[in-house]
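Note that the structure is predicted; figures quoted are calculated from it, not measured.
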Amino acid sequence: DIARLNGVVQVSASSDNPGKDVTGSVSVSTAPGLQKFGMDYYFTDRNFIPNMQLKLVAGGNFPEGTTTGRYVILNELAVSQLKLSSPAEAVGKAIYLDTVPVRVAGVISNFYHRGVDIWLRPLILRYEPRELRFVQVRTAAGKEEAMTAQLEAIWKKYNPGESFSYSVWRDDQLKGQSAIGTVSML
């Protein structure tokens with residue numbers, strides 16, 4: 001329903017709201033028994049990377065027809081922390097989330113997934129459709145406000161009794177910027 005609205009460019013889904021929260025942290029290693037590193041993660045669908053206009057620097061998105069949990073996408077900081085020599089080397093490599101082996105499908109550029117007031121951190125995108133709880137809607141320029149009522153009606157159709165709320169990703173990413181600016185002026 002949402003994808004068919006006039007002015008919608010693309011729709012994606014994730015487990016949490018990028019720019020505000022992460023789904024969690026997971027211990028990651030390149031082999032059982034080797035040093036583990038804590039990394040943030042989100043569960044996302046295949047549309048998340050293009051919809052959020054994230055840049056793939058190596059490899060690709062989750063493969064078509066992928067089964068749940070078999071592939072992950074790392075950011076460049078995750079590649080560095082795992083001591084892989086390059087994003088290209090990471091693609092196709094097996095890594096371990098706790099003790100579960102997964103394969104790296106691609107590597108994205110770093111982005112402020114917790115907002116610009118939080119340092120960049122290693123990030124893993126995971127594919128698990130049953131964990132998707134948030135919808136990202138990219139709209140044509142100038143259409144954001146006009147679509148809110150339409151989006152709320154669709155939300156209530158599928159989620160009666162659940163409250164509807166939305167935020168703008170640009171605003172979420174900049175949420176702490178004014179506090180940082182204030183401190184720097186002191």
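Between Ile108 and Leu125, the closest side-chain pair of non-hydrogen atoms falls below 4.5 Å. For the pair Gln53 and Arg138, the minimum side-chain heavy-atom distance is below 4.5 Å. Proximity of Val11 to Asn47: side-chain heavy atoms (C-beta onward) are nowhere separated by under 4.5 Å. Side-chain contact between Ile95 and Leu82: present, with at least one pair of heavy atoms (C-beta onward) separated by less than 4.5 Å. Between Ile73 and Ile49 the shortest side-chain heavy-atom distance falls below 4.5 Å. Val137 is listed as a side-chain neighbour of Ile2, based on a closest heavy-atom distance under 4.5 Å.
Between atom CD of residue Gln81 and atom CZ of residue Arg121 there is a gap of 8.0 Å, rounded to the nearest 0.5 Å. Rounded to the nearest 0.5 angstrom, Leu84 CG and Leu74 CG are separated by 7.5 Å. With rounding to the nearest 0.5 angstrom, the OH atom of Tyr127 is 9.0 Å from the OG1 atom of Thr44. Considering CG of Leu54 and CG of Asn75, their distance stands at 10.0 Å, rounded to 0.5 Å.
Taking both residues in full, the closest heavy atoms of Ala58 and Ala88 are given as CB-N, 3.8 Å, listed atom of the first, atom of the second, then distance. Val79 and Ala90 get closest at one heavy-atom pair: CG2-CB, 4.0 Å. Taking both residues in full, the closest heavy atoms of Gln10 and Pro50 are given as OE1-C, 3.6 Å, listed atom of the first, atom of the second, then distance.
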Given the rule in the side-chain contact (heavy atoms from CB on, under 4.5 Å) test, do Leu97 and Arg126 qualify, once you have shown the distances and angles that lead to the verdict? CA-CA 10 Å; Leu97 307 182; Arg126 304 168 68 179; 3.5 Å; yes

Checking Tyr42 against Leu132 for the side-chain contact (heavy atoms from CB on, under 4.5 Å) test, could you report, in this order, the C-alpha distance in whole Å, the side-chain angles of both residues, the deciding distance, and whether it holds? CA-CA 9 Å; Tyr42 292 110; Leu132 305 177; over 6 Å; no

Between Glu131 and Ser15, does the side chain to side chain donor-acceptor pair (under 3.5 Å) criterion hold? Intermediate values first, please. CA-CA 6 Å; Glu131 296 291 336; Ser15 53; over 6 Å; no

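Cluster membership check: Leu56 does not share its hydrophobic cluster with Val107, using side-chain heavy-atom separations under 4.5 Å among Ile, Leu, Val, Met, Phe, Trp and Tyr. Leu5 and Val9 are not part of a single hydrophobic cluster, where members link through side-chain heavy atoms under 4.5 Å apart. Trp155 is connected to Tyr158 through a chain of hydrophobic side-chain contacts under 4.5 Å among Ile, Leu, Val, Met, Phe, Trp and Tyr, so both are in one cluster. There is a path of hydrophobic side-chain contacts, each under 4.5 Å, that joins Val57 to Val104.
In this structure, Arg103 fails the cation-pi test against Tyr71, since its NZ or CZ atom is not both closer than 6.0 Å to the six-membered ring centre and inside 45 degrees of the ring normal.
Inspection of the Asn51 and Ser12 side chains reveals an N or O donor paired with an N or O acceptor under 3.5 Å.
Looking at residues two or more places apart in sequence or on another chain, you find no ring pair (Phe, Tyr, Trp, His ring centres under 6.0 Å) involving Phe48.
A salt bridge is absent between Lys93 and Glu89: the closest approach of a Lys/Arg side-chain nitrogen to an acidic carboxylate oxygen does not fall below 4.0 angstrom. Salt bridge status for Glu128 with Arg130: present, with a side-chain N to carboxylate O gap under 4.0 Å.
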Which donor-acceptor pairs under 3.5 Å do side chains of residues 25-37 form with protein atoms, sequence neighbours excluded?
| from | atom 1 | to | atom 2 | distance (Å) |
| --- | --- | --- | --- | --- |
| Ser25 | OG | Met39 | O | 3.4 |
| Ser29 | OG | Ala31 | O | 3.1 |

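Pairs of residues two or more places apart, or lying in two chains, that qualify as salt bridge (charged side-chain N to carboxylate O under 4.0 Å, His left out) and include a residue from residues 49-73 are Arg46-Glu64.
Panel note: side chain Asn110, backbone Glu76; a donor-acceptor pair is recorded below 3.5 Å.
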